[in-house]
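Shown next, in structure tokens, is the structure this report addresses.
Proteins come first, then strands; the chains are lettered A, B, ... in the order of their sequence lines, and each starts at number 1. These figures come from a predicted structure and were not determined experimentally.
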Amino acid sequence: MPELPEVETIVRDLRPYLVGSRVEALVHLNPVVVRYPDPQNVAAGVEGHTVAWLGRRGKFIQIGLDSAQELVVHLGMSGTLTLELAAAPARTHTHLRLRLNSGSELRYRDPRRFGRVLLGTEGELEQAGVMPHLGVEPFDPDFAAGLAAEVLRTSRRPVKAVLLDQGVIAGCGNIYADEACFLARVRPGRRAWRLTAAERRRLLLALPIVMAEAIERRGTSFSDYRDGFGAKGQAFETLFVYGRGGRACVRCRSTLRQVRIAGRTTVFCGRCQS
DNA sequence: CCCCTATCCTGAGGGC
DNA sequence: TGCCCTCAGGATAGGG
């Protein structure tokens, strides 16, 4: 389940190897994962082009080409984007392979196929309706004072639902929503508009903190996530609540509760998060 | 408009 | 050992 910290780790891993590399050939492409445009145009759009820059927006990986187009990859639930030797055998569910002039291959693998690949200029992807409008980045200097604070102040939805809304906060998923709520001592099921100003402020400060910590540990490898080289991250070991339902709260030792909020498994401490 | 639920998909894990 | 059932969830479509 790659969220912002996992996607950021992948981008940082791949950047020095991809920028300046030329795409010799699109070796393999599963049309199912390519949402825009059609597969033939994707091949024509990447072959012979050089990677100019790598970026991230929310959970989307952007691979900028010298043509002004960008290859955009969303990893969904189980996607990985890894750099491998071109000679190494590709695993099953590898949907996209880009042969680079360095002798490596950039491989997109996604067993569950919840992810997707797009190609186009930024404006084109937006106009085609395949790139959703995303909210504010948690590492934006204005994060705690902007859109997210306003939506939290007024929304009748549960706090957790707001945190997961990509149109409000870009890049937050189930893991870091729960972690931020724990750190801020806010119950994830609370209606957002009922939070006090202090609680709201704690929550908005907590999110970039838990994400920065996860990036330092190279991401949470609960199941499928791997970094840009195929290795696991270490952040799962230091999570406070995610995946720990029924176990003891690290702060007060009471049993962590597990419920469903906004359709997602949610873990919190009934005592610490009043 | 707002919010919730069902859906897509495979692999892991539990029960028997 | 093996089979079957359930569950995990990001984004989106559709319903109330």
Rounded to whole Å, please give me the gap between CG in A/Asn174 and P in C/dC7. 16 Å
Salt-bridge present (A/Glu137, A/Arg57; N to O < 4.0 Å): yes
Would you kindly check whether a donor in the side chain of A/Arg112 faces an acceptor in the base of B/dG11, or vice versa, at under 3.5 angstrom? no
Is it the case that the ring center of A/Phe229 lies less than 6.0 angstrom away from the ring center of A/Tyr17? yes
May I have the distance from A/Phe236 (atom CZ) to B/dA12 (atom C1'), rounded to whole angstrom? 14 Å
Does the A/Glu124 side chain pair with the main chain of A/Thr121, one donor and one acceptor, at a distance under 3.5 Å? yes
To the nearest angstrom, how far is A/Arg260 atom CZ from C/dG9 atom P? 7 Å
Side chain of A/Pro158 (C-beta onward), nearest among C/dA8, C/dT12, B/dC4: B/dC4
Taking only N and O in the side chain of A/Gln166, is any of them less than 4.0 Å away from OP1 or OP2 of C/dG10? no
Are A/Asp165 and A/Arg157 ion-paired here, with the side-chain N under 4.0 Å from a carboxylate O? yes
A/Ile169 atom CD1 is separated from C/dA11 atom P, nearest whole Å, by 13 Å
Starting from P on C/dA11, measure out to CD on A/Glu3 and report it in whole angstrom. 9 Å
Any side-chain N or O of A/Ser78 below 4.0 angstrom from OP1/OP2 of C/dA8? no
Report the nucleotide, chosen from B/dC3, C/dG9, B/dC4, that has the shortest atom-to-atom distance to any side-chain atom of A/Arg157. B/dC3
Between C/dG9 (P) and A/Lys160 (NZ): distance, integer Å: 8 Å
Heavy atoms only, 4.0 Å cut-off, all strands: where does A/Arg191 land among base, sugar-phosphate and nothing? sugar-phosphate
Atom-pair distance (CD1 on A/Ile261; C1' on B/dC3), nearest Å: 14 Å
Toward the 5' end of DNA chain C, by each residue's nearest nucleotide, A/Thr265 or A/Val130: A/Thr265
Is any side-chain N or O of A/His74 closer than 4.0 Å to OP1 or OP2 of C/dG10? no
Please tell me which of A/Ala161 and A/Asp224 maps to the more 5' nucleotide of DNA chain B, matching each residue to the nucleotide holding its nearest heavy atom. A/Ala161
Salt-bridge test for A/Lys232 and A/Asp227: reply yes if a basic N is under 4.0 Å from a carboxylate O, no otherwise. no
Under 4.0 Å, heavy atoms only, any strand: does A/Tyr242 hit a base, just the sugar-phosphate, or nothing? sugar-phosphate
Select one nucleotide: of C/dT12, B/dC3, B/dT10, the one nearest the side-chain heavy atoms of A/Arg113. B/dT10
Face-on cation placement of A/Arg251 at A/Phe182 ring, 6.0 Å and 45° thresholds: yes
When you measure from the side-chain N and O atoms of A/His93 to the phosphate of B/dG11, is any distance below 4.0 Å, counting only OP1 and OP2? yes
Could you state the CZ-C1' distance from A/Arg264 to C/dG10, rounded to the nearest angstrom? 6 Å
Per-pair stack call A/Phe114 and C/dG9, 5.5 Å, 30°: yes
